[in-house]
Amino acid sequence: MIRWPSGTLVGLGAMVVAAGTAAALVVTLPVDAPAALRTATPATTVRATERTDADERQVQLTLDTGAPRAVVTTQTGTVTSSACSTSSPLRSGDVIARIDGVPVIALATGVPLWRDLALDDRGDDVRGLQSAIAASGVEIAVDGVLGKRTVRAVQRFLVERGALRTGFPDDLVPRAAFSWVPAAENTVRSCTAVVGATVGADAVLAELPAELRGARIESAPVDPVPGDRVLEVGSTAAAVDADGVVSSPGTLAKLAALPEYAAAVASADGVPTLPATWSLARPRTVQVLPPTALFAVEGSRACVQPSAGGTVGVEVLGSELGQAFVRAIDGRPLDRVRAVPDRRRSCR
């Protein structure tokens, strides 16, 4: 007896056949590629853009250092308080300590005070005192002569920092009121004043990092862009000569006041060095093109082909990450140039 398939089996078979037919249609019908995957039409021209270039180079400064510097006082007595801290800078005008309750004030002057100053005294020490007091915001003439106005200005400066008005005469500036520091802001290496200790003349209240007597670039980079250059160390810019030497006393003092300098000297095993950025003092403006736009390259000269007009000679100033930095030899700015120029043409 012949047994016919059940309705369920017939239906399932129909579904299988239908699915197979659909799959065949999916396989055989062409499908358009997504727009993102289609091959882009190559650009025939590119626009020249501008950027500022300082030709920055990373260098190491070799440091010529002396012995650690001491902040000393000529006052004698008992240290009643100390404001010294290795975690914060010591600034000119700060009270560094009190001896028998009398403040000792750090003061940055070109020439350390080496005497008590009386009316009509003259010299570089007087001028240095006037400059330091003026830098603190006190109005004072900087003429190198100790007049009554200078004495009154210094007295006001001292009283504002806790000195007693009756602690000094009207015709004298006492040397003991100040402790010399080399810069307007100084990194502290160690604090040596001990509260409660008795100190004699020339007692050391704090130690600063070693004196910086000179600095020079250890190894000058190859083929730098010609022009005046500066060094940047931390937040400080330093003038440097053509031989890579820093010799200005003022600039050396600024470098020596940096925490980076203190760290370099403290951790050095031998001659200390300091990382710096060596760059053009006046950055230049260059135009940026893809290297493929250049042809007939000879040394630092090359040609480009503008989208309209004849070829243009350019000076190749450098390159970086697929970009060529150029400047037209005739000085005119470039607009659009051919991305792939006709290399048979010449602009020589």
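We count residues from 1, following the sequence as given.
- Taking Ile, Leu, Val, Met, Phe, Trp and Tyr as members and joining any whose side-chain heavy atoms lie under 4.5 Å apart, directly or through other members, the hydrophobic cluster of L317 also contains V286, V288, F325.
- Between W180 and T109 the shortest side-chain heavy-atom distance falls below 4.5 Å.
- Atom CG of D330 has more than 12 neighbouring heavy atoms from other residues, nucleotides or ligands inside a 6.0 Å radius.
- Within the structure, salt bridge (charged side-chain N to carboxylate O under 4.0 Å, His left out) contacts touching residues 249-259 (residues at least two apart or in different chains) do not occur.
- With 3.5 Å as the limit, one finds no donor-acceptor pair spanning the side chains of T80 and R98.
- Listed for the S92 side chain is a donor-acceptor partner under 3.5 Å among the backbone atoms of A108.
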Let me check something: any side-chain donor-acceptor pairs from residues 156-164 under 3.5 Å, sequence neighbours excluded? List them with distances.
| residue | atom | partner | partner atom | Å |
| --- | --- | --- | --- | --- |
| R161 | NE | G93 | O | 2.8 |
| R161 | NH1 | F157 | O | 3.1 |

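- The structure places CZ of R175 at 13.0 Å from CG of L107, a figure rounded to the nearest 0.5 Å.
- Heavy-atom minimum distance, D94 versus P89: OD2-O, 4.1 Å.
- In terms of heavy-atom proximity, Y261 sits nearest to P209 at CE2-CB, 3.8 Å.
- Exactly one of L63, T65, T62 qualifies for a side chain to side chain contact (heavy atoms under 4.5 Å, CB included) with V271. That residue is T62.
- Counting heavy atoms from C-beta outward, L274 and E260 have side chains that approach closer than 4.5 Å.
- Side-chain contact between Q287 and V314 is absent, with no heavy-atom pair separated by less than 4.5 Å.
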Please evaluate residues Q75 and V102 with respect to the criterion side chain to side chain contact (heavy atoms under 4.5 Å, CB included), reporting the C-alpha separation (whole Å), side-chain torsions for both, the decisive distance (0.1 Å), and the verdict. CA-CA 9 Å; Q75 286 196 39; V102 178; 3.7 Å; yes
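- Tracing side-chain contacts under 4.5 Å through hydrophobic residues (I, L, V, M, F, W, Y), one never reaches V95 starting from V204; they form parts of separate clusters.
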Could you walk me through whether L294 and V316 pass side chain to side chain contact (heavy atoms under 4.5 Å, CB included), step by step? CA-CA 9 Å; L294 308 181; V316 182; 4.2 Å; yes
Quick one: side chains of residues 230-247, donor-acceptor pairs under 3.5 Å with protein atoms, not counting sequence neighbours, listed by atom name and distance.
| residue | atom | partner | partner atom | Å |
| --- | --- | --- | --- | --- |
| D241 | OD1 | D243 | N | 2.9 |
| D241 | OD1 | G244 | N | 3.0 |
| D241 | OD1 | V245 | N | 2.9 |

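- Ion pair E320/R51 flagged as a salt bridge, since at least one NZ, NE, NH1 or NH2 atom sits closer than 4.0 Å to an Asp/Glu carboxylate oxygen.
- Within the 4.5 Å cutoff, no side-chain heavy atoms of V59 are placed close to those of S219.
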N/O donor to acceptor pairs below 3.5 angstrom from side-chain atoms of residues 138-149, sequence neighbours left out:
| residue | atom | partner | partner atom | Å |
| --- | --- | --- | --- | --- |
| D143 | OD1 | Q130 | NE2 | 3.0 |
| D143 | OD1 | V145 | N | 3.0 |

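- Scanning for side-chain contact (heavy atoms from CB on, under 4.5 Å) contacts around P249 gives an empty result, with sequence neighbours left out.
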Using side chain to side chain contact (heavy atoms under 4.5 Å, CB included), reason through L321 and Q323 one step at a time and then give a plain yes or no. CA-CA 6 Å; L321 300 176; Q323 296 178 320; 5.6 Å; no
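- Under the 4.5 Å side-chain contact rule for hydrophobic residues, L119 and V126 share a cluster.
- Identified under the salt bridge (charged side-chain N to carboxylate O under 4.0 Å, His left out) test for residues 100-124, with sequence neighbours left out: R115-D125.
- Exactly one residue among D55, T52, D53 makes a side-chain hydrogen bond (donor to acceptor under 3.5 Å, both in side chains) with R284. That residue is D53.
- The two residues A48 and L334 have their closest heavy-atom pair at CB-O, 3.8 Å.
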Does the side chain to side chain contact (heavy atoms under 4.5 Å, CB included) test come out yes or no for N186 and R69, once each step is laid out? CA-CA 11 Å; N186 306 269; R69 294 163 297 177; 5.5 Å; no
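- P290 pairs by the side-chain contact (heavy atoms from CB on, under 4.5 Å) definition with V46, T292, A293, not counting sequence neighbours.
- Under 4.0 Å is where a charged nitrogen must lie from a carboxylate oxygen, and between R91 and E185 at least one such pair does.
- Note that CG of L129 and OG1 of T150 are 7.5 Å apart. Values are rounded to the nearest 0.5 Å.
- Taking each heavy atom of A176 and T74 in turn, the nearest pair found is CA-OG1, 3.2 Å.
- By the side-chain contact (heavy atoms from CB on, under 4.5 Å) test, P259 is found to be paired with T187, residues two or more places apart in sequence or in another chain being considered.
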Run S85 and S87 through side-chain hydrogen bond (donor to acceptor under 3.5 Å, both in side chains) and show every step you take. CA-CA 5 Å; S85 172; S87 62; 2.8 Å; yes
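- Side-chain contact check for P306 versus R336: every heavy-atom pair is 4.5 Å or farther apart.
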Could you walk me through whether R338 and T45 pass the side-chain hydrogen bond (donor to acceptor under 3.5 Å, both in side chains) check? CA-CA 4 Å; R338 296 189 180 277; T45 64; over 6 Å; no
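- Residue A253 comes nearest to P182 through the heavy atom pair CB-O, 4.2 Å, listed as atom of the first residue, atom of the second, then distance.
- Side-chain contact between R282 and L280 is absent, with no heavy atoms from C-beta onward closer than 4.5 Å.
- To the nearest 0.5 Å, atom OG1 of residue T273 and atom CD of residue Q60 are 4.5 Å apart.
- Linking Ile, Leu, Val, Met, Phe, Trp and Tyr whenever their side-chain heavy atoms come within less than 4.5 Å puts V297 and V304 in one cluster.
- For the pair Q305/V337, no side-chain contact is recorded, criterion being any heavy-atom separation below 4.5 Å from C-beta on.
- Through chains of ILVMFWY side-chain contacts below 4.5 Å, I96 is grouped with V71, V79, L90, I99, V104, V181, V188, V195, V199, L205, L208.
- For S190, the side-chain contact (heavy atoms from CB on, under 4.5 Å) partners are T192, E207, not counting sequence neighbours.
- Here V340 is tied to no hydrophobic group at all, with no ILVMFWY side chain closer than 4.5 Å.
- When every heavy atom of P291 is checked against every heavy atom of G322, the shortest pair comes out as CD-O, 3.2 Å.
- Between R229 and P224 there is a side-chain heavy-atom pair separated by less than 4.5 Å.
- A cation-pi arrangement is absent between R57 and W278, since the terminal nitrogen or guanidinium carbon is not both under 6.0 Å from the aromatic centre and inside a 45° cone about the axis.
- Of the inter-residue distances, the one linking L113 atom CG with S179 atom OG reads 10.0 Å to the nearest 0.5 angstrom.
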